[in-house]
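Have a look at the structure below before the remarks.
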Amino acid sequence: MIYDSKVELDVAMATQRFKWLIKSGKRFELTEKKAKRSLSQNSYLHLLFGWFGLQFGYTREETKQRIFKEVVNPEIFYEGDKDGIVKIERWRSTADLKTDEMALAIDRFRNFSAEHGVYLPEPKDLVIIQQIENELSKNASKEHL
């Protein structure tokens, strides 16, 4: 069960459960539940993928997998080779990132893009974001989307 430490009843129930687990000699795990990224953050990120892809001829998925994860942020996304008979590459999903990891990954991607001559707007650059949305919608039938 997930408890909210800001709700007095949840705190009481969590404390009672915790004490019972200890008293009963049970094994247990305490984990912090972090907030997921908002839909607006995901929309922003996919807008960046679309714009970058439009500029360089990549699809959104190619931009996400190859550029964003493999080229710009491999230390965040690459989970390494797994021992065994077959060598397997595993890449983390963006959905698994903590907020600070996502912020770092996006900053790196924006810097990488700028180094290659394409400005990727910050979330607060609403006018530019709207212009990009308009441009992407004009090209919606093209492969880069």
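Given the structure is predicted, the values throughout are model-derived calculations rather than measurements. What's counted below: heavy atoms across the whole structure, side chains too, no hydrogens, waters or symmetry copies.
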Between the side chain of [X] and the main-chain N/O of [Y], is any donor-acceptor distance below 3.5 Å?
X	Y	value
N139	L136	no
S113	F109	no
N73	A105	yes
D10	Y3	no
E70	I67	no

For [X] and [Y], work out which heavy atoms get closest and say how close.
X	Y	result
L120	F52	CD2-N, 4.4 Å
V71	P74	O-CD, 3.7 Å
P121	I128	CB-CG2, 3.8 Å
H46	R60	O-NE, 3.2 Å

**L97 side, atom CG; I106 side, atom CD1 - distance, nearest 0.5 Å** = 9.0 Å
**Prompt:** Does CZ belonging to R92 count more than 12 external heavy atoms closer than 6.0 Å?
**Reply:** yes
**Request:** Determine whether more than 12 heavy atoms belonging to other residues, nucleotides or ligands lie under 6.0 Å from atom CD1 of I2.
**Result:** no
**Prompt:** What do you reckon, are the aromatic ring centroids of F49 and Y58 less than 6.0 Å apart?
**Reply:**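 No: the rings miss the under 6.0 Å criterion.
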**Proximity of F68 and F112 rings by center, below 6.0 Å** =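 No, they do not, as the ring centres are separated by 6.0 Å or more.
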**Message:** Between E61 and Q65, do the side chains contain a donor N or O and an acceptor N or O under 3.5 Å apart?
**Reply:** yes
**Request:** Could you give me the CA-CA distance, side-chain angles and deciding distance for K98 and E101, then say whether salt bridge (Lys or Arg N to Asp or Glu O under 4.0 Å) is met?
**Result:** CA-CA 5 Å; K98 297 175 193 162; E101 289 176 311; 5.3 Å; no
**Asked** Does L30 belong to the same Ile/Leu/Val/Met/Phe/Trp/Tyr cluster as L21, with side-chain heavy atoms less than 4.5 Å apart forming each link?
**Response**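 Linked within one cluster.
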